[in-house]
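Worksheet: one structure, shown below.
Given the structure is predicted, the values throughout are model-derived calculations rather than measurements.
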Amino acid sequence: MQIKNDKGFKRVIDRNSKKLQAMTMDKLSERDIKELSTTIVRKQIESDLMKAYQGILGSQYPIKGLIVVKWIMQ
């Protein structure tokens, strides 16, 4: 497997942004506010999202890490 450089990563993100946003909303809507406020659940969601994103982007663009800077709950 050949790994592409990071230059194509933004392009593949932009091309799949709607799918990534939908996946994020689906994963977050599976939990209630109390669950989302716990550190363990947040870490699990970050892990789940990273795996789901990788599935959408494909293995030629490996995700090295996911940083969630803000949790918004309504």
Side-chain angles (χ1 to χ4, degrees):
M1 169 180 67
Q2 182 180 0
I3 297 177
K4 309 247 184 213
N5 61 24
D6 287 347
K7 291 180 182 180
F9 190 75
K10 181 174 178 355
R11 187 175 67 248
V12 77
I13 292 289
D14 291 342
R15 193 173 348 144
N16 290 286
S17 66
K18 296 290 185 195
K19 289 180 189 175
L20 296 168
Q21 289 174 23
M23 175 64 63
T24 302
M25 292 305 296
D26 288 347
K27 288 291 180 190
L28 293 176
S29 67
E30 292 173 355
R31 307 291 184 139
D32 64 26
I33 291 175
K34 187 174 181 178
E35 290 176 308
L36 291 172
S37 63
T38 66
T39 303
I40 294 170
V41 171
R42 287 175 59 176
K43 295 287 183 195
Q44 182 62 52
I45 290 171
E46 288 174 14
S47 175
D48 291 348
L49 285 174
M50 195 161 127
K51 290 175 190 171
Y53 294 166
Q54 193 65 71
I56 291 170
L57 300 179
S59 61
Q60 64 269 46
Y61 296 101
I63 299 172
K64 297 173 186 165
L66 178 66
I67 299 170
V68 178
V69 294
K70 192 186 304 187
W71 287 96
I72 300 173
M73 295 181 271
Q74 293 180 349

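Between the E35 side chain and the D32 main chain, a donor and an acceptor come within less than 3.5 Å of each other.
The shortest non-hydrogen separation linking Q54 to Y61 is NE2-O, 2.9 Å. The nearest pair of heavy atoms linking T24 to L49 is CA-CD2, 3.8 Å.
Between the NZ atom in K43 and the OG1 atom in T38 there is a gap of 11.5 Å [rounded to 0.5 Å]. Separation of atoms NZ (K34) and CG (L36) is listed at 12.5 Å; rounding is to 0.5 Å. Rounding to the nearest 0.5 Å places CG of D26 at 6.5 Å from CE of M23. Once rounded to the nearest 0.5 Å, the distance linking CD1 of I63 with NZ of K51 reads 12.0 Å. Atom CD of Q44 sits about 9.0 Å away from atom NZ of K27, to the nearest 0.5 Å.
Contact annotation: the side chain of L57 approaches that of F9 to within less than 4.5 Å [non-hydrogen atoms, C-beta and beyond].
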